[in-house]
Amino acid sequence: MDILPQLIVNIIIAGAIYALVALGFNLIYGATKFFNLAHGVIAAVGGYAVFYFAKTLGWNVYLAVIIGVLLAGIAGYGLDKFVYLPLRKRKASNMVLLVASLGAFTAIQAVIAILFTSQFKTLSYSVGTQRIFEIFDGVITQTQLIILMSVALITAGLILLLYKTRFGKAVRAMSDDEEVAKIVGINTNRIIGRIFFIGSAIAGLAGILVGFDTGIEPTMGLGLLLKGVIASIIGGVGNIYGGVMGAFLLGFVENFGIWKISGEWKDAIAFALLIVFLLFRPKGIMNK
Amino acid sequence: MNALEIKKLVKHFDGVYAVDNLSLAIEKGKIAAVIGPNGSGKTTLINLISGIVPIDSGVVIINGVGARAIKPYNVPAYGITRTFQEVRLFNQMTVIDNILVVLTERNVFGALFEKHSAHHLKRVEEVLIKVGLWEKRSALAQSLSYGQRKLLEIGRALAMDSEVFLLDEPFAGLFPEMLKIMVAAVKDLRASGKTVVLIEHNMDLIRELADHVVVLDSGKLLAEGKSEEVLSRPEVMEAYLGE
Amino acid sequence: MEYLIHLAILFTVYAMLGVSLNLVVGYTGLLSLTHAAFYGIGSYTTAILLTQSGVDFFPSVVLGIILTLIASFLIGLVLSKFRDDYYALGSFGFNAIAFAVFLNWQNLTRGPLGIPGISKPELFGIDFSNNFNFLMLVLAFLGLVYLASRFIVNSSFGRVLKSIREDEEAIQVFGYNTLYFKLAVFMIGAGMAAIAGSFFASYITFIDPSGFTLMESVFILVIIILGGLANLRGSVLGALFLILLPEILRFVGFPSSVAAQMRQLVYGLILILLMLYRPQGLLGEYKI
Amino acid sequence: MTKNSKIVLGIIVLVIVIWGGYTMLRQKAGAPTAPATTEPIKIGLVAPMTGEGASYGEAAFGGAMLAVKEINDAGGINGRKVELIVEDDRCSSAGANAINKLVNVDKVTAIVGPVCSSSAGPGVPIAQSAGTPVILIGASAPDLTKVGDYIFRNYPSDALQGKFAADFVYNTLGKRKTAVIFVKNDWGQGIRNVFIERYKQLGGEIVYDEGVLQDATDLRTQITKAKAANPEVLYFPVYPQNGVAGLKQIKQLGLTATVVGGDAFIEESILKLPEAEGVLIMEGKTNNPDDFQAKVKQVSNKSINIITPYAYDAVKIFAKVIEKVGTDQKAIRDELARTVYRYSIAVPVVEFDANGDLKVAEVAVKVIQGGKTVEYIR
């Protein structure tokens, strides 16, 4: 049996999940220029919100998904409002923001574990009936197709948002030079707040979809975050296309790596890729 | 004899020539002013000579020694010291440490086991008194006023006792009192036979100080020569004031 | 009392880790998150030599330091190309790779099974399997590490390190090849971490890869940020506080099943609040 | 230099003070203090209450709590209540802190746990040297009980499960080609080593053998590789988080080999998974009946899994022994070594061998059917 076709599909699925995380992460990085480590745990917030509303309260799943996405967005917005914004006002360095986001990560993860226990949970117990599609000898499930389509839609949506709206213009002006943007009258803090909302909502969606595909646990954020960050950096941090490209490249290298070496080395392979990029192409594939 | 000579120096950023086939010679023991509109390549020139920015092509000859690739940490070995346009001090260190740090061993093990000789401390004291910061010696550099920071930076350069000093806008934004100290410091350098290359916008100061003037525009040499002669040329004034 | 001695030994080990990391992070401004890797190399060297060959404890410490110096030389060489948050990420990557090696190089490390039965040293007829004697021994070594660090930061070398932290380019044009300085301090810090690792392995008698994860590096970083950057006493204080805090929480009597998550929550909040109100840490002299 | 000498002086003073205090306290500690008979009997529980293994800690907590509640509701042990002191070990070397505190500060009579070998490794030597009896409830690394005579385990060691699985696959199922995907931690690695050694010894062929990280949920490529090796059986000792994802992916990728899991699969998230239907489970015959689980749920509404009944049993066994011989730890140890306990939930009978491991531990083969495990019948 030839495993190559399935391997390629596996790469696409893994890449799509990383891309979902990287998209929001990159958006936020583009506007704020710091590594928001709390991004990973926001994904868990989305997943657990759906778990609570759909499983515990028994609401309609679609409604729960919408609430989950919104809640994740609000959580991100709140973090910005109460932690990052005061720090920015104090002209704190990126490192301070990084460490603060690490604190937020740890704290929120603990809260989730207190509320929901640490047990691994899957959002869909009914995936048995899920349809499976075949593409050239490789199989992909409905959820995974939805993930893939979400990546495409969100990428397109973000491009539209950034290049076709006034809001997007302001965001780009700010990404280029925050000081200049302020001078021309852009309320940068309000824009960053909204960016946090959007980016975090995307992260929430990532958490929810991962929850449907495999499952959720309070510690899920770290793995997602690290892969998302690596994808962003090798793709070109702050660059929307770059994050997506990086995600698929990471999926490719990881899966080829564990095909040729062994699954135990997966994380090491991912980080080795990161270091290689930092050394030889620190700005990523897409950025000059 | 020329203290500093550059030949056919080229540097471009993303296709834009910041320094374009520039050749210059600066005589030892003189003050040379580099002028030109913003973006004419003045700071890039200093960055190239001090190795902060790698050279695309061309040669820099310092005290008769030619170099194509200059590493920043080799610059003092060529006898060059510089200051920065936007003052770059070691902010969270004391005033005295800001100067002491440039006087010590360059070698890791040497630095580790060095004991400060009275000689070093005496030198720091001399310099700090000269720039009027001796009283402030225990303050953190970040707590100084803008003018004091500029003076501390020039003090740090003076402590190096180099042959050639590259000063990037040393007088900009100084109040008269501090300006006086700064002008005196620069004149002292010339008096002790050092060479000074400075970037400056203030014409009165240039007339007062400079022996030699270099005019740059878009990375190219527009004019060069004795200051009174160059500054009286109409095309120079036009290029300069037309910015 | 045995319990207090136990905690004192752990505190001493972490104080060593904190002091050594502070040389790198606090004094030189390199946000290294790979300290647990060096700690691990020291631990594993001692553990393997003590259980599998007849080598004594002290020679094993020396060998651990040598191996760590080699590893830190190579890692430091790569990391010296990076700055700030990229440095943090790159170093994070090396910790992940080191963890993968501990986990997967089974012929050497026994992988996830860990190495049991590590013995305690004996010297000049003093038997250090008595915990109290052992404590005195580690304390003595902490003293040595502390004095060495003190000597380093007060030397001209230390002054150059601080200037690298403040403005690396500016100190370069004064003739310092900063690469050598950064490498030197990185290796010194790593070597000290290896000493801490050897003592830890010997004391705890059992090590496995789970002690040298990314989160362990983060924990050491939290120690020095809390205690204060560029302040050696701060690192000792930070270690004392963070080792004692969870133990004190054991006595406070939260509802048992929540207490541990509460502790994580407290860590997270400490980080956020410190960054908001005292980014240089309790005794710190330097703000990141 | 003055600062340095101050510090040296400070360290010396500190050393002297600690040393002095220590010797004084040690002398005091020697004096026997007769405990008032109404004082509660303290039993420690060491389990991961945070970190990746937290669901096991919660599960152990529920079981132990239920046992304590039942004992106390029935009037305690000889009139003395039981107090459970829970310590977190994060499945890490913090187990040494936890056990140290229980032994030296709380002065517990006995310890239940740890659940993880990575915590028990550094932890149990402390209990052994202090002479505090321990019943391990999940830490299954074979070497642990060999640390000393105070260390017991009511949970079958890894050796048993892996060996039994190999025999079962080779003899009962009659399959000769097996792929192994295991979780890369002490538990998974231990089982895998024993399995492969035994299976090869029997004459079987291992066509694929790879570990996955404990937090891995994308096992597609490993499964794809395993499938390409055409195994008849997939031996799959992984944790629930790997299992939920992995079992789904096995179905999706169309790997049709018989899946044989480890006892970690006995957990709600796996059992309720449609893809888990028909998966075989090797378990050191753990009973975890529904009515028992329902009772646990009344005490703690957190995770319940395979560890829960072991934690329950361990507390109950200690209670019975203490009832008989009192709180003298040496007596407890001696009594444990010869006790035969027939009321346990998890295993039919608890009787320890010379190592302190279960003398008779049956391994059962179960199959997941309709959200539950049922006896496997060929």
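On a predicted model such as this, the values are computed, not experimentally measured, just so you know. Quick note on labels: first sequence line is chain A, next is B, and so on, each numbered from 1.
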So CZ of C/R159 and OG1 of B/T104: to nearest 0.5 Å the spacing works out to 6.5 Å
From C/S156 atom OG to B/D97 atom CG, the distance as rounded to the nearest 0.5 Å:
9.5 Å
Apply the test side chain to side chain contact (heavy atoms under 4.5 Å, CB included) to residues C/F157 and B/V108: give CA-CA distance (whole Å), side-chain angles for both, the deciding distance (0.1 Å), then the verdict.
CA-CA 7 Å; C/F157 176 75; B/V108 169; 3.7 Å; yes
What residues of residues 127-139 of chain B sit under 4.5 Å from chain C when you count only heavy atoms?
none
Just verifying a value: how many Å separate B/N91 CG and C/K162 NZ, rounded to the nearest 0.5 Å?
14.0 Å
Quick one: closest heavy-atom pair of B/Q92 and C/R165, and the distance?
O-NH2, 3.6 Å
Identify the heavy atoms of B/R106 and C/Y176 that sit nearest to each other, and give their distance.
NH1-OH, 3.3 Å
Identify the residues of residues 179-189 of chain C whose heavy atoms come closer than 4.5 Å to a heavy atom of chain B, ordered by number, or report 'none'.
C/Y180, C/F181, C/A184
Among residues 57-73 of chain C, which residues come closer than 4.5 Å to chain B, judged by heavy atom distances?
none
Relative to chain C, which segment of B/L140 carries a heavy atom at a distance below 4.5 Å: side chain, backbone, both, or neither?
neither
Interface moiety of C/I171 toward chain B, non-hydrogen atoms closer than 4.5 Å:
both
Take a 6.0 Å sphere around CZ of B/F13 and say whether it holds more than 12 heavy atoms from other residues, nucleotides or ligands.
yes
Provide the closest heavy-atom pair for B/F90 versus C/D167 in the form atom of the first, atom of the second, distance.
CE2-O, 3.6 Å
Choice from C/S163, C/A230, C/A170 maximising heavy atom contacts with chain B below 4.5 Å
C/S163
Is B/Y17 atom OH crowded by more than 12 heavy atoms from other residues, nucleotides or ligands, each under 6.0 Å away?
no
Which salt bridge (charged side-chain N to carboxylate O under 4.0 Å, His left out) pairs, counting each pair once, include a residue from residues 140-154 of chain B, with sequence neighbours left out?
B/E153-B/R156
Rounded to the nearest 0.5 Å, how far apart are CD of C/Q172 and CD1 of B/I52?
7.0 Å
